[in-house]
Amino acid sequence: MGQRSAPAREESPVSLVCRTAEQKTLALGHLLGPWTAPPGEEEIARYAVCERCGRAVYARAESKLVGIAGRACGEPCGR
């Protein structure tokens, strides 16, 4: 008898966008703190702040509006 592997947990669209934002900000030298959902937007939006310089990144995945924004995804970490 073979072993069954656990089914892969599907990531939410906003989680995938957050992962992209983490890669982008890490490449710019940022160290993001925890992701936080704005009140009432738990399923579609998150933001995180660099623990070194305080710049923020915002991630959103709502219908056709999908992307990242904020100083942490466009500027290097100011440490």
Side-chain angles (χ1 to χ4, degrees):
M1 293 193 150
Q3 290 183 341
R4 286 183 161 187
S5 59
R9 188 175 146 230
E10 189 174 319
E11 285 189 85
S12 69
V14 74
S15 294
L16 293 171
V17 176
C18 288
R19 192 158 22 122
T20 300
E22 288 171 353
Q23 293 169 351
K24 173 84 173 172
T25 57
L26 183 61
L28 291 170
H30 295 285
L31 176 63
L32 295 182
W35 287 98
T36 303
E41 297 187 340
E42 291 83 5
E43 299 297 319
I44 60 170
R46 303 276 188 285
Y47 69 92
V49 177
C50 177
E51 294 181 348
R52 294 181 182 142
C53 70
R55 289 182 174 99
V57 61
Y58 304 90
R60 189 170 196 90
E62 176 183 21
S63 192
K64 293 182 181 181
L65 178 62
V66 177
I68 60 175
R71 292 180 64 194
C73 66
E75 299 174 12
C77 184
R79 295 178 212 230

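For this chain, numbers begin at 1 and follow the sequence in order.
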Identify the residue among R71, H30, E75, R79 that makes a side chain to side chain contact (heavy atoms under 4.5 Å, CB included) with C50.
H30
With a 6.0 Å cut-off (strictly less than), is the heavy-atom count around CD of E43, excluding the residue itself, greater than 12?
no
Between R60 and A69 (side chain of the first, backbone of the second, donor and acceptor by atom type, cut-off under 3.5 Å), is there such a pair?
no
Please check this pair: side chain of E42 against backbone of G40, looking for a donor-acceptor N/O pair closer than 3.5 Å.
yes
Mind listing the closest non-hydrogen atom pair of G67 and V17 along with its distance?
O-CG1, 3.4 Å
d(Y47 OH, L32 CG) to nearest 0.5 Å is 13.0 Å
I68 to C73 - nearest heavy-atom pair and separation
CD1-CB, 4.0 Å
Looking only at heavy atoms, the pair that brings W35 and A59 closest together is CZ3-CB, 4.1 Å
Closest heavy-atom contact between A61 and V66?
CA-CG2, 4.1 Å
Expected output: side-chain R55 to main-chain E51 donor-acceptor under 3.5 Å:
no
Drop me the distance from L31's CG to E22's CD, to the nearest 0.5 angstrom.
10.5 Å
